[in-house]
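Below is one structure, written out as C-alpha cells; the observations come after it.
Below, all heavy atoms of this structure are taken into account, side chains as well, without hydrogens, waters or symmetry copies. Quick caveat: nothing in here was measured; it's all calculated off a predicted structure.
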Amino acid sequence: MNASLLALAAIALWGSLAPLGVSLGHVPPFLLTGVGLVIGSVIGLVLSRGRVSEWKVPAATLALGVYGLFGFHFLLFIALRHAPPVQANLVNYLWPLGIVLMAPLFLPGMRLRALHVAAALLGFAGAALAILGGRHAGSDMGGWAWGYLPAMVSAFVWASYSLMTRRVPPFPNAAIGLFGLVSGMLSLLCHALLEPSVTLSAHDWQLLAALGLGPLGGAFYLWDAALKRGDARTIGVLSFLTPLLSTLGLLWIRGEWPSASVALAAAMIVGAAVLGSRAKP
C-alpha cells in the first residue's frame with residue numbers, strides 16, 4: 001500500500017483518540033493508556049500469525065520503541081496535569097513540525113527544501129487554529145506553566161522516535177506489539193503507583209477495546225509501515241490532519257457544527273499537505 005495512504009489511515013485512527021478519551025474521561029489516564037497499549041499489542045501476534053519469534057529485536061531497538069510509545073504518553077500526561085490542557089495539547093502538536101524539520105538531522109542524504117518548511121509552518125498554524133477554535137480555549141488562557149516543558153519534550157520524543165526507526169536495524173512490523181506490551185505494562189505500573197483504583201464497567205471495556213485496536217494499537221503499526229516506505233517529510237506534513245480530525249470528532253459527539261475557524265483550519269491543513277507533496281524528493 002502507498003506510504004501516504006498508510007499514514008492517513010494511522011492519522012484517521014489517531015483522530016478518534018480524543019472522542020474515545022472523552023467517553024472514558026472517568027478512567028485514570030495511565031490506566032487508560034496501559035490497557036489500550038496492551039490490547040493493541042495483540043495485533044502484533046495476529047500479524048506474526050502467533051510467531052513470537054518475530055517480536056525478537058535488539059535491546060537498543062526495544063529501548064527505542066519504549067522511548068517512543070511510553071515516553072511520549074508519560075510526558076504528555078505530566079504536561080496535561082501541570083499546564084492548561086488546550087495549550088499543552090497545542091505545544092505537543094509540534095511533533096509533525098519536528099518530523100519535517102529534523103528529518104535531515106536524523107536521516108542521512110535527506111535535505112530540507114523551502115516547500116517543506118512552508119508546508120510545515122502552514123500546517124502547524126492550521127493545527128493551532130483547529131485546537132484553539134474547536135475547544136473554546138479563551139476560557140483557560142494563562143501565562144507560562146512549567147507543564148509546557150514536558151509537552152515540548154513529548155513532541156520531540158515522538159518526532160525523534162518516528163525518524164530513528166529508520167536508523168535502527170530493520171525489524172518486522174509485528175514487533176511493534178512488543179513495544180506496545182512493554183510500554184503498556186510500564187503505564188499500568190504508573191497507574192498502580194500514582195493513580196486511584198477504579199472499577200470498569202462492561203461498556204468501559206468495549207471502549208477500551210476500540211481504543212486499543214485503533215489509536216493506541218492499529219495506528220502504530222500503520223505508522224511504522226508508512227515511515228518505512230515513504231518520505232518522512234511528506235508524512236510529517238500529513239500528520240497535521242490529526243488535531244483537525246480530533247477536533248471534528250469532539251464536535252460530532254457534542255452535536256455541534258464546525259466553526260468558521262475550524263473550516264479555515266481545514267483549508268490551511270489540506271493546503272499544507274498539497275504544498276508538501278509538491279516538494280521534490
Side chain to side chain contact (heavy atoms under 4.5 Å, CB included) between F30 and L189, intermediate numbers included | CA-CA 8 Å; F30 280 117; L189 177 62; over 6 Å; no
Could you walk me through whether F124 and L94 pass side chain to side chain contact (heavy atoms under 4.5 Å, CB included), step by step?
-> CA-CA 7 Å; F124 181 70; L94 283 168; 3.6 Å; yes
Apply side chain to side chain contact (heavy atoms under 4.5 Å, CB included) to W205 and V35, showing your working.
-> CA-CA 9 Å; W205 281 109; V35 172; 3.6 Å; yes
Output, in order, the C-alpha distance, side-chain angles, deciding distance and verdict of side chain to side chain contact (heavy atoms under 4.5 Å, CB included) for L121 and L97.
-> CA-CA 7 Å; L121 294 176; L97 185 65; 4.3 Å; yes
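Listed by chain and number, the residues in a side-chain contact (heavy atoms from CB on, under 4.5 Å) with L207 are L20, S23, L24, H203 (sequence neighbours excluded). Judged as a ring-ring contact (aromatic ring centres under 6.0 Å, His included), and not counting sequence neighbours, the contacts of F171 are F179.
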Under 3.5 Å, which donor-acceptor pairs do the side chains of residues 68-78 form with other protein atoms, sequence neighbours left out?
{"residue": "H73", "atom": "ND1", "partner": "L69", "partner atom": "O", "Å": "2.6"}

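When all heavy atoms are compared, the tightest approach of I43 to G212 is CD1-O, 4.4 Å. In terms of heavy atoms, G271 sits closest to L122 at C-CD2, 4.1 Å. Across all non-hydrogen atoms, the minimal contact from A159 to G98 is CB-C, 3.9 Å. Smallest separation of non-hydrogen atoms from G126 and M268: N-CE, 3.7 Å. Contact detail for A9 and L222: the closest heavy-atom pair is CB-CD1, 3.7 Å. R166 and K228 make their closest contact through CD-CA, 4.2 Å (heavy atoms, listed as atom of the first residue, atom of the second, distance).
For K56, the NZ atom counts as loosely surrounded, since its 6.0 Å shell holds 12 or fewer non-hydrogen atoms of other residues, nucleotides or ligands. Counting heavy atoms of neighbouring residues, nucleotides and ligands inside a 6.0 Å radius, atom CE of M164 exceeds 12 of them.
A donor-acceptor contact closer than 3.5 angstrom links the side chains of W223 and S162.
One N or O on the side chain of Y221 and one on the backbone of G44 form a donor-acceptor pair closer than 3.5 Å.
V182 is not connected to V42 by any chain of hydrophobic side-chain contacts under 4.5 Å among Ile, Leu, Val, Met, Phe, Trp and Tyr, and they are in different clusters. L101 is connected to L238 through a chain of hydrophobic side-chain contacts under 4.5 Å among Ile, Leu, Val, Met, Phe, Trp and Tyr, so both are in one cluster. Note on L37: it does not cluster hydrophobically with V46, by side-chain heavy-atom contacts below 4.5 Å among ILVMFWY residues.
Each of V38, T33, V66 was scored for a side chain to side chain contact (heavy atoms under 4.5 Å, CB included) with S183, with one residue passing: V66.
In this structure the side chain of L211 never reaches within 4.5 angstrom of the side chain of I39, judged on heavy atoms. Side-chain contact between L47 and E54 is absent, with no heavy-atom pair separated by less than 4.5 Å. L245 is not listed as a side-chain neighbour of W14, based on a closest heavy-atom distance of 4.5 Å or more. Proximity of L188 to L31: side-chain heavy atoms (C-beta onward) are separated by under 4.5 Å at one or more points. Put simply, the side chain of V198 reaches to within 4.5 Å of the side chain of P28, judged on heavy atoms. Here the side chains of L216 and L13 are not in contact, with every heavy-atom distance at 4.5 Å or above. Residues I235 and I99 have side chains not in contact (no heavy-atom distance under 4.5 Å, counting atoms from C-beta outward).
With rounding to the nearest 0.5 angstrom, the OG atom of S160 is 5.0 Å from the CZ atom of F106. Residue L208 holds its CG atom at 10.5 Å from CG of L213, rounded to the nearest 0.5 Å. The CG atom of N2 sits 9.5 Å away from the CZ atom of R229 when rounded to the nearest 0.5 Å.
Aromatic pair W158/Y161: centroids less than 6.0 angstrom apart.
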